[in-house]
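Naming: A, B, ... by sequence-line order, numbering from 1 per chain. Only heavy atoms go into these numbers, but all of them, side chains included; no hydrogens, no water, no symmetry mates.
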Amino acid sequence: AQSVTQPDIHITVSEGASLELRCNYSYGATPYLFWYVQSPGQGLQLLLKYFSGDTLVQGIKGFEAEFKRSQSSFNLRKPSVHWSDAAEYFCAEIISNFGNEKLTFGTGTRLTIIP
Amino acid sequence: DAGITQSPRHKVTETGTPVTLRCHQTENHRYMYWYRQDPGHGLRLIHYSYGVKDTDKGEVSDGYSVSRSKTEDFLLTLESATSSQTSVYFCAISERGNYGYTFGSGTRLTVV
């Protein structure tokens with residue numbers, strides 16, 4: 001079963017508008033969670049991560065994410081998107097298997113920015 | 001990415017031929033991972049290693065084998081390539097998850 005769910009396959013947002021990308025996790029009482037971004041033809045870049053502590057996490061490029069245990073969610077937000085934010089975004093979670101760790105990804109959300 | 005390289009970057013191969021992809025690290029990290037990326041599926045874990053000669057299967061391991069005879073190298077082998085294995089393959093390394101992961105630049109494999 002998918003441990004990380006990104007319910008939105010594709011989102012279109014106007015430049016300057018706010019953005020929220022959804023992520024739900026299903027593993028662990030204390031999850032380790034990540035958001036990555038991938039521009040076309042490029043590798044993965046870490047935006048932010050959550051391990052513990054403050055549930056509002058600040059990342060690079062003006063992104064933030066909020067961990068909500070009650071909703072099993074870790075949604076990514078940005079108050080005002082730029083055309084350069086067009087990319088694919090992946091939520092990920094560390095799964096521990098007999099003490100060994102593996103990073104499991106959601107299926108991704110493709111973000112399109114319109115003028 | 002610094003400390004991790006994948007080779008080759010691109011490869012075209014014929015159905016039924018064996019293919020080996022290499023991931024090399026200079027960070028002396030414990031964990032190494034192989035993922036494949038396909039549209040609509042995100043990144044799916046093929047195999048991973050938690051030490052020399054210690055490997056385990058991921059969610060899409062059928063048709064793939066791996067070997068890690070030394071810390072710095074993690075090899076992914078397609079014993080008999082099929083068209084369904086056409087994909088972009090990413091390697092990643094980590095010492096521990098909460099220390100972060102570093103990804104390679106990817107290998108684009110086309111099986112014709």
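A/Ile94 and A/Tyr89 are assigned to two separate hydrophobic clusters, defined by single-linkage of ILVMFWY side chains at heavy-atom distances under 4.5 Å. Hydrophobic clustering (ILVMFWY, side-chain heavy atoms < 4.5 Å, transitive): A/Leu103 and A/Tyr25 are in distinct clusters. Note on A/Ile114: it does not cluster hydrophobically with A/Leu111, by side-chain heavy-atom contacts below 4.5 Å among ILVMFWY residues. By the rule that hydrophobic residues join a cluster once side-chain heavy atoms approach within less than 4.5 Å of another member, A/Val4 and A/Leu33 end up as members of separate clusters. One hydrophobic cluster holds both A/Leu19 and A/Leu48 under the rule that ILVMFWY side chains link at heavy-atom gaps under 4.5 Å.
Rounded to the nearest 0.5 angstrom, A/Lys102 NZ and B/Tyr33 OH are separated by 10.0 Å. Rounded to the nearest 0.5 Å, atoms CG (B/Leu43) and CD (A/Gln38) are 6.5 Å apart. Once rounded to the nearest 0.5 Å, the distance linking CG of B/Asp38 with OG1 of A/Thr107 reads 12.0 Å. To the nearest 0.5 angstrom, B/Gln37 atom CD is 6.5 Å from A/Leu44 atom CG. Taking NZ from A/Lys49 and OH from B/Tyr101, the interatomic distance works out to 10.5 Å, rounded to the nearest 0.5 Å.
The neighbour count for A/Gln58 CD, taken as heavy atoms of other residues, nucleotides or ligands under 6.0 Å away, is above 12. By the 6.0 Å contact criterion, CZ on B/Arg44 is enclosed, its count of non-hydrogen atoms from other residues, nucleotides or ligands being greater than 12. Within a 6.0 Å sphere centred on CD1 of A/Ile9, heavy atoms belonging to other residues, nucleotides or ligands number 12 at most.
Closest non-hydrogen pair, B/Phe90 versus A/Gln42, comes out as CZ-O, 4.2 Å.
Aromatic rings of B/Phe103 and A/Tyr36 (six-membered ring for Trp) have centroids within the 6.0 Å cut-off, being under it.
Proximity to chain B (any heavy atom under 4.5 Å) is shown, for A/Leu46, by neither the backbone nor the side chain. Within the 4.5 angstrom heavy-atom criterion, only side-chain atoms of B/Arg30, from C-beta onward, approach chain A. The contact between B/Leu45 and chain A is made entirely by side chain atoms (from C-beta outward), counting heavy-atom distances below 4.5 Å.
Chain A is approached within less than 4.5 Å, heavy atom to heavy atom, by B/Tyr48, B/Tyr50, B/Asp56 from residues 47-56 of chain B, ordered by number.
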